[in-house]
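Just below is one structure, and these are the notes that go with it.
A note on names: the letters A, B, ... follow the listed sequences, proteins ahead of strands, and every chain is numbered from 1. This one's a predicted model, so the numbers in the text were calculated from it and none came from an experiment. Any value given below was found using the heavy atoms of this structure, including those in side chains, with hydrogens, waters and symmetry copies removed.
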2 protein chains.
Amino acid sequence: MSKSEVVELPVLQEDGAVPCCPPITAGELSPADAEKMAAMFKALSDPVRLRLFSKIASHPGGEACVCDIADVGVSQPTVSHHLKKLRETGLLTSERRGTWVYYQVAPSVVAAMSALLDLRS
Amino acid sequence: MSKSEVVELPVLQEDGAVPCCPPITAGELSPADAEKMAAMFKALSDPVRLRLFSKIASHPGGEACVCDIADVGVSQPTVSHHLKKLRETGLLTSERRGTWVYYQVAPSVVAAMSALLDLRS
DNA sequence: CCAATGTATCGACAGGTATCGAAGTAAGGA
DNA sequence: TCCTTACTTCGATACCTGTCGATACATTGG
């Protein structure tokens, strides 16, 4: 849980080039690829999680303290629960700095999602 | 249910230019926008639905008969249930032609999703 | 060491959802 | 008209998920 190494979304290969799955319109998804992609979409399928993710992504540097984004209309434990889900899916990473915990958008997440949607053309 | 006019995803404006929601990284999402976007992601957050969508999207013309895509490892009623959800979300449209029912990818769905992910840069 | 603040985990509960078999509807052919 | 095929709807069930209050853990400051 408190690993210091970068945790990457199973969907995303750090290798730079090709994401896990072919573009969604390029051909029939394999069951395995569908499973991975669905997990990513699932993480963003809750309005509260989407707002948290958006708040972090739109912060300068793509990172924000929990205290800066916690105002989304649900209790503090619920915010923590959603952030954990986003972290487990690999969309966010977290880092403690003193009293506060900062969440960052995982590198190349948005770019990888774009690739899945076939934007190369 | 059997409307002949094109049913469009609430998330998507047919106007061509701007989708309902600003790019996810451009700023904090409003609660209302988050709700709409989450609904779209939710529709794609199930592996079976994602495979069905992918099968249709990768078919020539972006449409396919149910009989052509029903082989995804679940019962036929379950397939129908998932297709209904995709239709209700506005990602697919359906049309009966004689014995068979054809599902099509709703126009500009993928493009609109791309816009949400901020691919302008 | 203790208090205060920020964040995470736990346990419980209500509501949602994926799945199935069975039954219903629609179209075409004998 | 009746049967067959294609698909949808219905009802039931097991599981998953979002939410909360209470509690635990972590860090800083006194």
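Nucleotide dG18(D) holds its C1' atom 14 Å from the NZ atom of K84(A), rounded to whole Å. In this structure, NZ of K85(B) is placed 16 Å from C1' of dT8(D), rounded to the nearest angstrom. At whole-Å resolution of the value, CD in E88(B) and P in dA18(C) are 12 Å apart. Rounded to a whole Å, the CG atom of L52(A) is 14 Å from the C1' atom of dT19(D). Taking atom CZ on R97(A) and atom C1' on dA26(D), their separation rounds to 17 Å, with Å as the unit. Spacing between atom CD of E95(B) and atom P of dA26(C) amounts to 18 Å, rounded to whole angstrom units. Rounded to whole angstrom, the span from the CD atom of Q76(A) across to the P atom of dG18(D) amounts to 17 Å. Taking atom CG on L86(A) and atom P on dT17(D), their separation rounds to 14 Å, with Å as the unit.
In this structure, H82(A) reaches the dT19(D) phosphate: one of its side-chain N or O atoms is under 4.0 Å from OP1 or OP2. Remark: R49(A) is in phosphate contact with dG18(D), judged by side-chain N or O atoms under 4.0 Å from OP1 or OP2. Residue T78(B) places at least one side-chain N or O closer than 4.0 Å to OP1 or OP2 of dC20(C). A sub-4.0 Å separation between OP1 or OP2 of dC16(D) and a side-chain N or O of K42(A) is absent. OP1 or OP2 of dG6(C) has not a single side-chain nitrogen or oxygen of Y103(A) nearer than 4.0 Å.
Annotation: of the two residues near DNA chain D, V74(A) and L83(B), the 5′-most nearest-nucleotide partner is L83(B). In terms of position on DNA chain C, the residue among H81(A) and T99(A) whose nearest nucleotide sits closer to the 5' end is T99(A).
Annotation: the span from L91(B) atom CG to Q104(B) atom CD amounts to 13.5 Å, rounded to 0.5 Å.
With distances taken from any side-chain atom of D46(B) to the nucleotides dC7(D), dT8(D), dT19(C), the minimum falls on dT19(C). Checking dG6(C), dC7(D), dC20(C) against the side-chain heavy atoms of P77(B) singles out dC20(C) as nearest. With dT19(D), dA8(C), dA26(C) as the candidates, the nucleotide lying closest to the side chain of R96(B) is dA26(C).
A donor-acceptor pair under 3.5 Å is formed between the side chain of S54(B) and the backbone N or O of L29(A). In terms of modelled atom types and a separation under 3.5 Å, the side chain of R49(A) and the main chain of H82(A) share no donor-acceptor contact. Judged by distance alone, with hydrogens and angles left aside, the side-chain atoms of R96(B) form a donor-acceptor pair with the main-chain N or O of G98(B) at under 3.5 Å. For S80(B) (side chain) and P77(B) (main-chain N/O), no donor-acceptor pair under 3.5 Å exists by modelled atom type.
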